[in-house]
There are 2 protein chains.
Amino acid sequence: MNDMTLDEIDRKILKILQADGRTALSEIARRLDMGSATIHERVNTLEAEGYIQDYRAVLDPELLGLNDVAFIRVRTEAGHFSEVAERLAEETAIQEIHELTGEADLLLKVRVGERSALTDLLSRIGRYEGVLSTSTDVALRSVKEEQRLDLPG
Amino acid sequence: MNDMTLDEIDRKILKILQADGRTALSEIARRLDMGSATIHERVNTLEAEGYIQDYRAVLDPELLGLNDVAFIRVRTEAGHFSEVAERLAEETAIQEIHELTGEADLLLKVRVGERSALTDLLSRIGRYEGVLSTSTDVALRSVKEEQRLDLPG
DNA sequence: AATGAAAGCTTAACGCC
DNA sequence: GGCGTTAAGCTTTCATT
């Protein structure tokens with residue numbers, strides 16, 4: 001279902017749509033000098049195979065009052081980190097959950113509108129079963145937050 | 001230029017477009033029971049004021065061979081962390097750069113296709129002026145990576 | 001796989017309220 | 001600020017290669 005090989009044209013289409021998700025198919029066709037029905041078919045395939053997961057408007061967090069970013073390191077009971085991670089995934093303020101090598105714990109990226117929301121979240125996490133301890137770093141400034149992938153080619 | 005107050009309708013528009021950046025204006029108009037010229041005008045304003053930064057296709061990193069995520073903590077010479085951060089921002093493999101409280105250092109999120117790219121990047125960072133040391137955690141598994149904002153309302 | 005052509009929608013601009 | 005109308009442009013399907 002997803003063992004398709006991308007050619008040069010597919011990669012160009014992905015780059016264009018990653019840069020501007022609303023580029024018209026007819027515009028892509030013009031740039032790549034192909035028929036727009038062809039581009040349409042290729043984009044459909046890229047979506048069906050999962051290369052394109054979604055289309056999103058990217059919103060400005062600060063204008064929307066979500067000013068605070070924090071990273072929380074969670075130590076869990078041995079062997080229970082995946083289980084804890086699955087439950088933490090339900091928390092909407094938690095944007096990222098990564099299982100780390102080394103000390104077998106979790107790293108969370110959190111975005112909240114007020115410090116109090118962070119405090120609340122931390123005490124909630126502290127009471128999760130399997131969580132031993134947390135340690136938190138608040139970001140003073142986020143210099144770069146890029147979601148685009150660095151595609152080769 | 002951006003001291004606009006969002007009403008209920010603006011927030012609904014943002015939510016719809018954040019969930020699906022290609023929703024037709026006419027479809028939004030239908031859902032909110034308004035004229036599509038009105039929605040068009042509001043979306044233009046939301047874009048102009050910066051609430052909507054961009055539209056993007058979200059691509060699958062693993063299908064594209066970008067399998068490895070790592071977090072790098074960078075210790076810098078006192079007072080030079082912002083300067084180092086600005087230079088690091090040029091590295092395309094570095095997706096995020098955050099200045100942290102506490103120990104006045106930087107946290108980087110990196111995504112690469114091969115371990116060797118991570119090794120290369122680390123030795124490059126180690127040679128940056130103002131960088132004292134780095135310490136790296138590789139992610140075994142990324143359980144959640146959500147870019148959508150948790151909008152109230 | 002790629003294409004041109006046709007039908008049905010969508011956007012973007014206008015003038016009016 | 002909101003609306004309906006309209007022209008231009010877009011997407012989608014389909015028969016053809």
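None of these values were measured; they are calculated from a predicted model.
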Within 6.0 angstrom of B:K12 NZ, more than 12 heavy atoms from elsewhere:
no

Please determine, for the side chain of B:M34, which listed nucleotide (C:dT11, D:dT13, D:dC3) has the closest atom?
D:dC3

Side-chain N or O of A:S26 closer than 4.0 Å to phosphate OP1/OP2 of D:dG9:
no

Flag, side chain of A:D54 to backbone of A:R56, donor-acceptor distance under 3.5 Å:
no

Whole-Å distance, B:D7 CG to D:dG2 C1', equals 12 Å

What is the distance, rounded to the nearest whole Å, between atom CG of B:L17 and atom P of C:dT11?
10 Å

Between A:E146 and A:K144, does any side-chain N to carboxylate O distance fall below 4.0 Å?
no

At under 4.0 Å between heavy atoms, what does B:R22 touch on the DNA or RNA strands: base, sugar-phosphate, or nothing?
nothing

Among the nucleotides D:dT11, D:dT5, C:dT10, which one has an atom lying closest to any side-chain atom of B:A37?
D:dT5

Interatomic distance where CG belongs to A:L25 and P belongs to C:dA2 [whole Å]:
14 Å

In whole angstrom, give the distance that lies between atom CD1 of A:I39 and atom C1' of C:dG4.
15 Å

Give the C-alpha distance, both sets of side-chain angles, the deciding distance and a yes or no for salt bridge (Lys or Arg N to Asp or Glu O under 4.0 Å) between B:D68 and B:R111.
CA-CA 6 Å; B:D68 291 336; B:R111 190 183 291 275; over 6 Å; no

C:dA1, D:dG1, D:dT11: which one has an atom nearest the side-chain heavy atoms of B:R42?
D:dG1

Whole-Å gap separating P (D:dG1) and CG (B:L32):
17 Å

Given D:dT12, is OP1 or OP2 found less than 4.0 Å from the side-chain N or O atoms of A:H40?
yes

Once you apply a heavy-atom cut-off of 4.0 Å, does B:E41 come out as touching a base, just sugar-phosphate, or nothing?
base

For DNA chain C, whose closest nucleotide is more 5', that of A:D33 or that of B:E27?
A:D33

Side-chain contact check for A:S36: nearest option of D:dT12, C:dA12, D:dC10 is D:dT12

When the distance from CD1 of B:I28 to C1' of D:dC3 is rounded to whole Å, what number comes out?
17 Å

Would you say the side chain of B:R73 lies within less than 4.5 Å of the side chain of B:D105, judging by non-hydrogen atoms?
yes

Answer with base, sugar-phosphate or nothing: what part of the nucleic acid does B:T38 contact at a heavy-atom distance below 4.0 Å?
base

